[in-house]
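One-based numbering along the sequence shown. Everything numeric here is computed off the predicted structure, so don't read it as measured data. These numbers come from the heavy atoms of this one structure, side chains and all, not from hydrogens, waters or symmetry mates.
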Amino acid sequence: LGETQLWTLVNETPWSHPFHLHGYFFQVVDENGAPVHPIEWKDTVHVPFKETLRVIVRFDDRPGTWMIRPRSPRCTIARICSTAGKNRHM
């Protein structure tokens, strides 16, 4: 909670993927090492095939587990998703 993280999204597949983070916004800071301009808040970003993006995300004080997933029917059917976040124990 209250943590800022820098994530590296690596797409090693032969097709592009839209990447979506539920519940939070992030900013793309570079694509294949080159700075991205302008820096914008997003909840979904297109990750081109055979490319790498780095994004920065700030997790605020909302506890819980948040889904990370591609926004593609092919990936949804294949159940390619994960989760991020921390639970606050009272």
Side-chain angles (χ1 to χ4, degrees):
L1 298 174
E3 186 173 82
T4 300
Q5 297 180 358
L6 181 63
W7 293 1
T8 302
L9 308 177
V10 179
N11 182 358
E12 296 177 336
T13 69
W15 54 84
S16 298
H17 287 280
F19 168 85
H20 177 68
L21 173 61
H22 285 251
Y24 292 95
F25 290 96
F26 55 84
Q27 296 174 317
V28 178
V29 294
D30 67 54
E31 183 173 340
N32 293 321
V36 172
H37 297 288
I39 293 178
E40 302 172 311
W41 290 106
K42 300 175 177 273
D43 70 347
T44 303
V45 67
H46 177 78
V47 185
F49 66 94
K50 305 292 184 185
E51 293 197 15
T52 300
L53 299 179
R54 287 192 322 152
V55 301
I56 193 163
V57 59
R58 169 121 173 103
F59 291 100
D60 57 25
D61 61 353
R62 293 175 290 151
T65 302
W66 303 88
M67 183 182 286
I68 305 165
R69 69 180 181 96
R71 280 256 211 215
S72 162
R74 174 179 24 211
C75 297
T76 301
I77 291 167
R79 297 182 183 165
I80 300 171
C81 63
S82 187
T83 58
K86 296 181 180 177
N87 291 313
R88 184 185 325 183
H89 299 285
M90 300 281 205

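- Between the CD atom in Q5 and the CZ atom in R58 there is a gap of 10.5 Å [rounded to 0.5 Å].
- Side chain of K50 to main chain of E12: a donor-acceptor pair is present (N/O by atom type, distance under 3.5 Å, no hydrogens or angles).
- In this structure, the separation between CG on D60 and CD on E3 is 12.5 Å, given to the nearest 0.5 Å.
- The shortest non-hydrogen separation linking S16 to P48 is OG-CA, 3.5 Å.
- Nearest heavy atoms, F49 versus T13: CB-O, 3.4 Å.
- If you take CZ on F26 and CG on D43, they are separated by 6.5 Å, rounding to the nearest 0.5 Å.
- Once rounded to the nearest 0.5 Å, the distance linking CD of E51 with CG of N11 reads 8.5 Å.
- Ring orientation note: the planes of F59 and W7 are tilted relative to one another, at an angle of 30° to 60°.
- No donor-acceptor distance shorter than 3.5 angstrom exists from the side chain of T52 to the backbone of N32, with no hydrogens or angles considered.
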Where do I39 and I56 land on the side chain to side chain contact (heavy atoms under 4.5 Å, CB included) test, with the steps shown first?
CA-CA 11 Å; I39 293 178; I56 193 163; over 6 Å; no
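- Within the 4.5 Å cutoff, the side chain of K42 has no heavy atoms near those of the F25 side chain.
- No side-chain heavy atom of L53 sits less than 4.5 Å from a side-chain heavy atom of V36.
- Rounding to the nearest 0.5 Å places CG of L6 at 5.5 Å from OG1 of T8.
- Between P18 and T44, the shortest heavy-atom distance links the atoms CB-CG2, 4.3 Å.
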